[in-house]
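A short write-up of the structure that comes next.
Small disclaimer: the values here were computed from a predicted structure and weren't measured. Chain A is the first sequence line, chain B the second, and so forth, proteins listed ahead of strands; every chain is numbered from 1.
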Amino acid sequence: GAVVSQHPSWVICKSGTSVKIECRSLDFQATTMFWYRQFPKQSLMLMATSNEGSKATYEQGVEKDKFLINHASLTLSTLTVTSAHPEDSSFYICSASASGGETQYFGPGTRLLVL
Amino acid sequence: ILNVEQSPQSLHVQEGDSTNFTCSFPSSNFYALHWYRWETAKSPEALFVMTLNGDEKKKGRISATLNTKEGYSYLYIKGSQPEDSATYLCVTRYNFNKFYFGSGTKLNVKP
């Protein structure tokens, strides 16, 4: 149980385009979803936390207009990188937790390369 | 930003060896600590969550301990097997509902 999928697993796009990444909880209802980013040789860094039906809470330094997060249902959250630039190239990974649950269940991640 | 440090960064052991590694974290406002196993191209897998000082958890050959007063947790693997090869991540949560990740310990178990 507690499986989280993420799609796509990798994406290459041109600078200036937008990219949408989906995160789905397959067998549980995820009241909270988290989006992380990891640059090479660094730790996972939390970008934002989203609760179903509410606006996401962004971490300091993360532009909410650039990284659009939607958590419209209990099983799906999306992260859209708008007008992507090469410096946005990174590994993006989501996690989900159920109501009252402490454990986060992670997706497999999405590797984004912006040319 | 709080520093969660894991050591060593990487570890190479022979099949059958027992091994352990460390997660150090600031103890002020501590709420919970998680250990995850992250194999390449897969999702991180939750191993343990611990909250109380002195907590010990065990799952098969893997066990973990927690010291919240001095701010460290140990992860032990008894009789390492090649399938234990992965990156082991430590994540701490604080009362202000923030999560902080260590950079992981990469374990390679040679047959």
* To do: Taking heavy atoms only and a threshold strictly under 4.5 Å, list by residue number the residues of residues 102-111 of chain B that touch chain A; give 'none' if the list is empty.
  => B:G102, B:S103
* What part of A:E59 is in contact with chain B, defined as an atom under 4.5 angstrom from a non-hydrogen atom: side chain, backbone, both or neither? -> side chain
* To do: Give a yes or no on whether A:F28 and A:L76 share a hydrophobic cluster (residues Ile, Leu, Val, Met, Phe, Trp, Tyr; joining criterion: side-chain heavy atoms under 4.5 Å apart).
  => no
* **Whether over 12 other heavy atoms sit under 6.0 Å from A:K64 NZ** => no
* A:E102, CD atom: more than 12 neighbouring heavy atoms under 6.0 Å -> yes
* Asked: Could you name the residues of residues 33-44 of chain B that have a heavy atom within less than 4.5 Å of a heavy atom in chain A?
  -> B:H34, B:Y36, B:W38, B:K42, B:S43, B:P44
* Full working for side chain to side chain contact (heavy atoms under 4.5 Å, CB included) between B:V91 and A:L44 -> CA-CA 10 Å; B:V91 185; A:L44 289 173; over 6 Å; no
* Same hydrophobic cluster for A:L112 and A:L79, using side-chain heavy-atom links shorter than 4.5 Å among ILVMFWY? -> yes
* Close contacts, residues 45-80 of chain B versus chain A, judged by heavy atoms under 4.5 Å -> B:A46, B:V49
* Asked: Between CD of B:E5 and OG of A:S43, what distance do you get to the nearest 0.5 Å?
  -> 10.0 Å
* Kindly state each residue pair satisfying ring-ring contact (aromatic ring centres under 6.0 Å, His included) with at least one member in residues 37-65 of chain A, sequence neighbours excluded. => none
* Looking at side-chain heavy atoms only, is the closest gap between A:Q104 and B:F99 below 4.5 Å? -> yes
* Asked: Hey, quick one: are A:I69 and A:Y92 part of the same hydrophobic cluster, counting side-chain heavy atoms closer than 4.5 Å, chains of contacts allowed?
  -> yes
* Asked: Would A:I21 end up clustered with A:M47 when hydrophobic side chains under 4.5 Å apart are linked, directly or stepwise?
  -> yes
* OH/B:Y31: more than 12 non-hydrogen atoms of other groups inside 6.0 Å -> no
* Find out if a path of hydrophobic residues (ILVMFWY) with successive side-chain heavy-atom gaps under 4.5 Å connects B:Y88 to B:V13. => yes
